[in-house]
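Each ligand, and each atom within it, is numbered from 1 in the order the structure gives.
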Amino acid sequence: MEPIASGPPIILAAFLVSAGVTLYAGIQTAIVGIVRHRVPLYLAFAAMSFCATGFQFATIGYYSAGSIPAAALALQWQASFALLFHPALFVFVALYTRQERITPWFVAIALAFGGFLVANLVAPNSLRFTTLEAATPLRFPWGETLARFSGPPGIENGLVRAAHLGVFFWATWRAVAHFRRGHRRAALFLAACILLVVAASTWAALIDLGVIDSVYVTGFSFLGLVLLMSASLGMELHDQTTRLEATSVELRKENEQRGKAEQQVRRMAYQDHLTGLANRGSFHERLAETIVQAARTGQYGAILLIDLDHFKTINEALSHDVGDQVLREVARRLIAIAGERAFVARLGGDEFVMVVSGVSTHQQETIATARELAETVQSDLSKALPVGEHVFNVGASIGIAPFPSDGSTSKDILRHADMALYRAKNLGRRTNELYAPAMSVAADERLKLERSLRVGLENGEISLYFQPQIDAAGRLVGAEAMMRWRHPEMGMILPASFIPIAEETGLIHTLATWMFERVCDRLVAWSQAAVPFDGVVAINVSPWQFTRPDFVLQVEGTLTRSGVAPSRVTLEITETALLYDLQETVRKLTALRTLGIKIALDDFGTGYSSLAYLRVLPLDQLKIDRAFVNDLGIESGRALVESMISIGQHMKLQVIAEGVESASQRDTLLSMGCRYFQGYLFSYPLAEQEFLRWIAENHQATGPSWGR
Ligand code: C2E
Ligand code: CA
Ligand code: CA
């Protein structure tokens, strides 16, 4: 037996260092793998490193073996570690290249290598050599001598090497796949490792076969593999950390943005975006709190529900932009009025609300304060409000409801105020009204009417009545068309009850369209039937309709379709339609008159008639309201009517008196210069057939037909 070594053991030391490094890498990775999330990958790598360490220690044992049994034992250990190394490598590469469904493959490989492992432990000289004998030791220039034992490699040696090669081929394929999927750096690292180990393995096979005479370097190749892979894993980890950091920065940013958006949503949920006032939601919240507080402290409060009169007129006739500006200005004025005294909110559209609380422990005092506030609101809003080239006077109707009131909720209080508001509007707008329990009954009634009006229109319950218009000579010159609603249960309902509801609900447009078409249709039918009526039919136009941008076109379209001459139609408008935008009103009236339609100013004297208005309006007729005709009996009433007639005459308008009920009224009017009349004295409004009969009976009569 040769002396084992006589020079510095550089090779053995190198194996030792190499084993130390792989051991260190294994321990470190195992710790990281346990602490970190990607446990399986790191653990597989640690297992691989430990196998590489064991392999190298066994290699040291082999090269320093002093006897055949010692060498055989070292070879057995070495082969065992190599056989354990490959399944670990398989798992590592599979995880490293993110292969899916590795379990069946792993089982197959573990079985194969497990089989080899058992065979290796059973074989006396390991699976490397069939027999083992001392061979010429390896001598190195620096004097180091390594012992060597070898023999003929058996078929098993070839099989094991083939199995190893199989694993490496598979790993190569994985590296290519990984590369193709864009993980270039990681794939190249893997490929380098494979190359290294396959080269070392080939080197060992050549030594085993006796082709070359050199030292086994497989252990070093394992070291290379471990180092390269730890470098790659380190880089991956670094990348991952960078990515995570970027993601967390992004998440933080997103979080901030979401926070801002949430704030905005919350603001929007509680704030009216147009005016910046509290909205309906926060109004209810606030009112509910205030009611609870009022009930506790015994103090009364009240809400003022403020509705702008004819705001829709502004909005539809002009642009919504103008409407928005008006609303903003109204909000500004309301805030100024409320000051510290009240809380202001916008419920939507042109509805605002003020909550006054903690005024007094006496309800009457609270109501008085609320009324005062309401009057301030009304007078402040009616001050000139300029928007662009327009100047508005915004009228407001206000409903007042006190609280607390018999355990009513905020919704109940608002409903009370709404009923009071409804009544205020009915009283002629620009007024304020206090809620009274009887209003609840009226409101129910109204709701019922609204529902049945829709149905009624569809079911043909609405019909047309005609009231004759007579000239000074008693001749029939025209008729005013009026709506009647014959309800199957409630009987005849007059327009005064349902037109306001139709206006509020928007049904007025459907009603009006129906009305106008129906009138045209009748005029055509009468002329075909040679009815001796060539007068004008007067049609009432609601302010709502009139302010529609397409109103003129609609009228023109219906006339054209029916073939009715425009001169057969008079449109009766009221002053409320003129209130807001004079220019636009004049434009529309002019367009209608250009078509040949006549325009009458209905209910003259009841509105806010100003001579300045009248002068610029393109009108044909003034209709003196029946209230004035009714007052003809008294001195002042007479004077009023007289001046109305003279205004009309000065402006070269036809003057017609409505509501003429008695011959003396007619005579007085005649003496004042009024030439046209309408009223019960001549006829009630008549259904079509009655009207035609009336014509047949009165038309041919010579002289005044009304000389009853
Ligand atoms: P109005 O335009 O002032 O119509 C005249 C009203 O006075 C009619 O009431 C008519 O029946 C009534 N009347 C006629 N002669 C006399 C009389 O000698 N004495 C008295 N006390 N009353 C008389 P009606 O039909 O109830 O209509 C009420 C209001 O409803 C109308 O007032 C009009 O503003 C509106 N209206 C009626 N039909 C329509 C319609 O088709 N469209 C629109 N938008 N409004 C309509
Ligand atoms: Ca009328
Ligand atoms: Ca009238």
> Relative to each other, are the rings of His487 and Trp485 parallel, tilted or perpendicular (30° and 60° limits)?
Replying inline: perpendicular
> By atom name, which N, O or S atom of Glu480 is the nearest to the Ca ion (ligand 2)?
Replying inline: OE2
> How is the N/O/S atom of Glu572 that comes nearest to the Ca ion (ligand 2) named?
Replying inline: OE1
>> Under 4.0 Å from a heavy atom of Ser542: which atoms of ligand 1 are those, numbered in the order shown and with their elements?
In response: 44 (N)
> Heavy-atom contact under 4.0 Å between Glu480 and ligand 1?
Replying inline: yes
> Among Arg346, Arg423, Lys425, whose salt bridge (charged side-chain N to carboxylate O under 4.0 Å, His left out) with Asp307 holds?
Replying inline: Lys425
>> Is Arg484 close enough to touch ligand 1? Criterion: a residue heavy atom under 4.0 Å from a ligand atom.
In response: yes
>> I'd like to check which ligand 1 atoms, numbered from 1 as shown, lie under 4.0 Å from a non-hydrogen atom of Pro685.
In response: 11 (O)
> Is there a side chain to side chain donor-acceptor pair (under 3.5 Å) between Glu480 and Gln469 once you walk through the steps?
Replying inline: CA-CA 7 Å; Glu480 180 178 353; Gln469 295 175 332; 4.6 Å; no
> Which is it for Lys623 and ligand 1 at heavy atoms under 4.0 Å: side chain, backbone, both or neither?
Replying inline: neither
> Among Asn540, Asp603, Ile499, whose heavy atom sits nearest atom 33 (C) of ligand 1?
Replying inline: Asn540
>> With a 4.5 Å cut-off on side-chain heavy atoms, are Lys598 and Leu571 touching?
In response: no
>> Under 4.0 Å from a heavy atom of Gly659: which atoms of ligand 1 are those, numbered in the order shown and with their elements?
In response: 16 (C), 17 (C), 18 (O), 19 (N)
> So between Glu503, Arg626, Gln678, whose heavy atom ends up nearest atom 7 (O) of ligand 1?
Replying inline: Arg626
> Got an N/O contact under 3.5 Å between Met515 and ligand 1?
Replying inline: no
> Could you go step by step and tell me if Gln654 and Asp620 meet the side chain to side chain donor-acceptor pair (under 3.5 Å) rule?
Replying inline: CA-CA 6 Å; Gln654 202 180 61; Asp620 299 279; over 6 Å; no
> Checking Glu503 side chain against Ser542 main chain: does a donor-acceptor pair fall under 3.5 Å?
Replying inline: no
>> Under the criterion side chain to side chain contact (heavy atoms under 4.5 Å, CB included), I'd like the reasoning laid out for Gln678 against Val660: C-alpha separation, chi angles, the key distance, then a yes or no.
In response: CA-CA 6 Å; Gln678 181 184 337; Val660 180; over 6 Å; no
> For ligand 1, is any non-hydrogen atom under 4.0 Å from Asp602's backbone (N, CA, C, O), its side chain (CB onward), both, or neither?
Replying inline: side chain
>> Within this structure, what is the CZ-CD distance for the pair Phe283 and Glu351, rounded to the nearest 0.5 Å?
In response: 10.0 Å
>> If the cut-off is 3.0 Å, does any N/O/S atom of Asn540 fall short of it from the Ca ion (ligand 2)?
In response: yes
> What do the steps show when you test Met515 against Leu464 for side chain to side chain contact (heavy atoms under 4.5 Å, CB included), and what is the final call?
Replying inline: CA-CA 8 Å; Met515 168 85 173; Leu464 267 192; 3.1 Å; yes
>> Need the atom name: nearest N/O/S atom of Asp602 to the Ca ion (ligand 2).
In response: OD2
